[in-house]
Amino acid sequence: MHQFPNNFIWGTATSSYQIEGAATKDGKGPSIWDAFSSIPGKVHKGETGALACDHYHRYKEDIQLMKAMGVKAYRFSIAWPRVLPTGKGAINKRGLQFYSDLIDELLKADIVPWVTLYHWDLPLALQMEDDGWLGDSIADYFATYADLCFEHFGDRVKHWITLNEPWVVAILGHGQGVFAPGRNSNSEPYLAAHNLLLAHAKAVQIYRKKYGHQNGQIGITNNCDWREPLTKRSEDQEAAERALQFFLAWFADPIYKGDYPAVMKKRLGSRLPQFSTAEKELILGTSDFFGLNHYTTMYAAHGDGRSKKQSVYGNGGISEDQDVHLSQDKSWDLTSMNWAVVPWGCKKMLKWIDARYDRPPIYITENGCAYPDQVVDGKVDDQKRVDFYRGYLTACLDAISEGVQLKGYFAWSFMDNFEWASGYDKRFGLHYVDFETLERLPKESARWIGQVMRRNRLNEQG
Ligand code: PNW
């Protein structure tokens, strides 16, 4: 019935630390993820991104695979410590050259680069010397780094994403401590988030003032899972709405409305930093598009203090602050992340964004699933992944047909890679599928068995 529009952007995504390897090659400085993953107990089986998919050396081959798949756009990130080994000051020319070559190679293959400036690999020196995202000058350091990237790549890159998932940096990095820099606090997440928003805004202001002639687009990518009220009771309805505000409006409201949501101000008091009038103006309107990473759905119910006892991993914030109790339906299928497969949640998420932020152009910059698939004769029977993509793409199509301005979709991920604290066991890779098939998935039920693209050197070496 309905079809994706002709100009819909079909892409796939990765991030630097998860695929590049070459952690100490050609002058790259260490990042907080190099440090964090080397601490015993932080990453499953003690794995690290030191080698990962060796994309740093094999990028040409990877781009050929993308081309064969029919990928039209490729979202990757720049490793800040590869171009600025200590985060500020001395520039590493070989790092700049790598990304310049990568961009040229993509353009040669007719693949449009979408570049993320920060996907969590902060230069370690900035953490050690300046307290990372908690420090007073971090927003300026980030803006200076962004400026360098616009200057060197902006002639060829027309799609920029400042930050990937500041929620994860704040909550998993500074609240629960399960991701780098491994801090545990109930106030630091709010300070880190505040500085992340200022960093984003300063980078966008520089891009618009200094590089307007490059005629590109710039935005931010936030992650949010859908929160469905557990019952029709008004306190559960309110809990679900509150959970979405603590998860997504935390970051999107300052950009689209000029300040944090009232419910956060009320509940957090002095733990939530305040924006000055000048800062509110600086941040307002700093996204040309709404970048969304979406993976799953949970039921939300009024917390009644129960949320204090439950694990906050996967919660949309610090649970005791929201007072929301989360749960899954027993009938929902789970991926190997234990994330439930709920396509209708994706559609509701898109419609919520559409309504709250006045119909912005939306790009899903990540959606995908991990499954413990097996390689048999160099192939993978990937039926569950096929079903996942069919379900979520159908939900996207439904949202579009109801007026949501969804402009593109990036599958996470191009290939299996370093899945952060979960190491290499969690496999999000597309393996091999041609994008015409991906586009047809909502309509067809063809079995999709692909050629293996997993190239984790750690695994290859046993
Ligand atoms: C995103 N959560 O991470 C990242 O952008 C990717 O780098 C990552 O590989 C992908 O999703 C799959 O995990 C997230 O706990 C990590 O809610 C954790 C959460 C969400 C996103």
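None of these values were measured; they are calculated from a predicted model. Ligands are counted one by one from 1 in listed order, and the atoms in each one are counted from 1 as well.
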> What do we get for Trp339 next to ligand 1 when only non-hydrogen atoms under 4.0 Å count, side chain, backbone, both or neither?
Replying inline: side chain
> Less than 4.5 Å apart, any side-chain heavy atom of Pro113 and any of Tyr74?
Replying inline: no
> Going through the distances and angles, do Tyr17 and Phe418 end up as a ring-ring contact (aromatic ring centres under 6.0 Å, His included)?
Replying inline: CA-CA 8 Å; Tyr17 189 70; Phe418 177 77; 5.3 Å; yes
>> Which residues pass the side chain to side chain donor-acceptor pair (under 3.5 Å) test with Asp147, not counting sequence neighbours?
In response: Lys210, Tyr211
>> I'd like to check whether Trp120 has a polar contact with ligand 1, where a contact means an N/O of the residue lying under 3.5 Å from an N/O of the ligand.
In response: no
> Is ligand 1 under 4.0 Å from a heavy atom in the side chain of Trp167, in the backbone, in both, or in neither?
Replying inline: side chain
>> Need the ligand 1 atom indices (1-based, order shown) with element for anything under 4.0 Å from a heavy-atom of Tyr295.
In response: 10 (C), 11 (O), 12 (C)
>> Using heavy atoms and a 4.0 Å limit, tell me yes or no: is Asn417 in contact with ligand 1?
In response: no
>> Is there a polar contact, in the sense of an N or O pair closer than 3.5 Å, between Glu366 and ligand 1?
In response: yes
>> Using a 4.0 Å cutoff against the non-hydrogen atoms of Leu172, which atoms of ligand 1 qualify?
In response: 15 (O), 18 (C)
>> I need the atoms of ligand 1 closer than 4.0 Å to a non-hydrogen atom of Trp420, numbered in the order shown.
In response: 6 (C), 7 (O), 8 (C), 9 (O)
> So between Glu165, Glu419, His119, whose heavy atom ends up nearest atom 21 (C) of ligand 1?
Replying inline: Glu165
>> Arg242: which residues meet the side chain to side chain donor-acceptor pair (under 3.5 Å) condition with it, sequence neighbours left out?
In response: none
>> Looking at Lys265, I want to see if its NZ is surrounded by more than 12 non-hydrogen atoms of other residues, nucleotides or ligands under 6.0 Å.
In response: yes
> Hey, does Lys426 sit under 4.0 Å from ligand 1 if you only count heavy atoms?
Replying inline: no
>> Tell me whether Asn164 has any N or O atom under 3.5 angstrom from an N or O of ligand 1.
In response: yes
> Looking at ligand 1, does any of its N/O atoms fall within less than 3.5 Å of an N/O of Asn223?
Replying inline: no
>> Assess the residue pair Tyr59 and Glu20 against the criterion (side chain to side chain donor-acceptor pair (under 3.5 Å)); give the C-alpha distance rounded to whole Å, side-chain angles, the decisive distance to 0.1 Å, and a yes or no.
In response: CA-CA 9 Å; Tyr59 70 95; Glu20 283 180 4; over 6 Å; no
>> Check for me whether Arg227 meets the cation-pi criterion with Phe246, that is, NZ or CZ under 6.0 Å from the six-membered ring centre and within 45 degrees of the ring axis.
In response: no
> Under 4.0 Å between a Lys/Arg side-chain N and an Asp/Glu carboxylate O for Asp321 and Arg271?
Replying inline: yes
